[in-house]
There are 2 protein chains.
Amino acid sequence: MSAQPASEGDLDLALRALADPNRRAILGVMRTGPRAVGQIATELGLSQQTTSHHLGVLRAAGLASRTKDGTRHLFAVSTDGLGAVRSYLDDFWPTKLVALKSAVEGRAGADRG
Amino acid sequence: MSAQPASEGDLDLALRALADPNRRAILGVMRTGPRAVGQIATELGLSQQTTSHHLGVLRAAGLASRTKDGTRHLFAVSTDGLGAVRSYLDDFWPTKLVALKSAVEGRAGADRG
DNA sequence: TGTGAGTACAAACAGTCGTTTGTGCTACCC
DNA sequence: GGGTAGCACAAACGACTGTTTGTACTCACA
């Protein structure tokens, strides 16, 4: 088992991590497969330190996972953090909102549209 | 047909808007129905100006819509901006990633979904 | 064991963002 | 029409954060 990702802290970490364009670009690079830090840095034109920092943020947010391969650290996309965001968004979707509305009104909600 | 919400600008606005806890709290309040600015401010313990500012950010990001009712401005959740985020996340979700993950681990993962 | 590649850690700087304070504007009420 | 409630706009302040620069650490290799 894994989940219970809907905690406020995890959601906050994931959303703040996704708010940065460079971090999204890094996720885009890792999307096609695991990449080393230097590889990502070169591909995006970022410095090694900046890339490492962003990868640390992504990892802390559960959006990336690290795998050491010799001296290279391979990073890949992790859906752990994405799950928190996704379930959060789902709660705002119209279908859910209709059900929620009914629940809030508490009644059989036939009186109002 | 309306969409094409996946533009980088829209996605960036939506994610940066969602990155703030107070703005998410505002969305949480509006989730049960449209609310006035003062109502939201009182309910969350924020100042009127701060609340108005955050609502402006949410509106610019397509996450909230405004409806004037007399002197009161009613804000409600809008799924326009949420769609951009959702479709962005979906690109990381598909079974591709699961297969990719298996590839990363180096073995043919036979786990289920 | 010595060398080099690859990466993380730490401090300083600069830009951005959220909050506060002050004010002007619009719509309702008497 | 005068008074008031409700909200947005604008500037200043403080805090957070992304980037840079410098450095220490680990692992592969000869």
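In what follows, chains carry the letters A, B, and so on, assigned in the order in which the sequence lines appear, proteins first and then strands, with residues in each chain numbered from 1. Predicted, not measured: the structure shown is a model, and the values here were computed from it.
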If only side-chain N and O atoms of Ser52(A) are considered, is one of them under 4.0 Å from the OP1 or OP2 phosphate oxygen of dT7(C)?
-> no

Strictly below 4.0 Å, heavy-atom distances to any atom of DNA chain D: list the hits from residues 55-64 of chain B, or just say none.
-> none

To the nearest 0.5 Å, how far apart are CE in Met30(A) and CD in Gln39(A)?
-> 12.5 Å

Can you tell me if the side-chain N/O atoms of Ser47(B) get under 4.0 Å from OP1 or OP2 in dT21(C)?
-> no

Would you state whether a donor and an acceptor, one from the side chain of Gln49(A) and one from the base of dG22(D), lie under 3.5 Å apart?
-> yes

For atom CG of Asp12(B) and atom P of dT16(C), their distance in whole Å | 13 Å

Are Arg23(B) and dG18(C) close enough that a side-chain N or O sits under 4.0 Å from OP1 or OP2?
-> yes

Any donor-acceptor pair under 3.5 Å from Arg35(A) side chain to Ile40(A) backbone | no

Roughly how many Å is it from CG in Asp69(B) to C1' in dC28(C), rounded to a whole number?
-> 11 Å

Do Glu8(A) and Arg24(B) pass the side-chain contact (heavy atoms from CB on, under 4.5 Å) test, and can you show the C-alpha distance, the side-chain angles, and the key distance before you say yes or no?
-> CA-CA 10 Å; Glu8(A) 262 294 318; Arg24(B) 290 199 301 275; 3.7 Å; yes

Given side-chain contact (heavy atoms from CB on, under 4.5 Å), test Phe75(B) with Thr51(B) step by step and report yes or no.
-> CA-CA 11 Å; Phe75(B) 284 84; Thr51(B) 306; over 6 Å; no

Arg72(A) CZ - dC25(D) C1' separation (whole Å) = 18 Å

Would you kindly confirm whether Phe92(A) and Leu44(B) end up in one hydrophobic cluster when ILVMFWY residues are joined by side chain heavy atoms under 4.5 Å apart?
-> yes

What integer distance in Å separates Lys68(B):NZ from dC28(C):C1'?
-> 15 Å

Below 4.0 Å: OP1/OP2 of dA8(D) and any side-chain N or O of His73(B) = yes

Does the side-chain contact (heavy atoms from CB on, under 4.5 Å) test come out yes or no for Leu18(A) and Leu89(B), once each step is laid out?
-> CA-CA 10 Å; Leu18(A) 289 173; Leu89(B) 290 179; 4.2 Å; yes

Considering only dT7(C), dC7(D), dA8(C), which nucleotide approaches the side chain of Phe75(A) most closely?
-> dA8(C)

Of all the nucleotides listed (dG6(D), dG18(C), dG18(D)), which has the minimum atom distance to the side chain of Asp20(B)?
-> dG18(C)

Roughly how many Å is it from NE2 in His54(B) to P in dC7(D), rounded to a whole number?
-> 16 Å

Send over the distance from Gln48(B) CD to dT4(D) P, rounded to a whole Å.
-> 19 Å

Quick one: pull up CG in Leu46(B) and OG in Ser52(B) and give me the separation to the nearest 0.5 Å.
-> 12.0 Å

Of Asn22(A) and His53(B), whose nearest nucleotide on DNA chain D comes first from the 5' end?
-> His53(B)

From CG of Leu15(B) across to C1' of dT16(C) the rounded distance in Å is 17 Å

Can you tell me if the side-chain N/O atoms of Thr50(B) get under 4.0 Å from OP1 or OP2 in dT20(C)?
-> yes

Should Arg16(A) be listed as having a side-chain N or O under 4.0 Å from OP1 or OP2 of dT17(D)?
-> yes

Side chain to side chain contact (heavy atoms under 4.5 Å, CB included), paired with Leu58(A), selected from Asp20(A), Leu13(A), Ile26(A) | Ile26(A)

Roughly, in whole Å, what's the span from CG in Leu18(A) to C1' in dT17(D)?
-> 16 Å

Look at the side-chain N and O atoms of Thr71(A) and state whether any lies under 4.0 Å from the OP1 or OP2 oxygen of dT7(C).
-> no

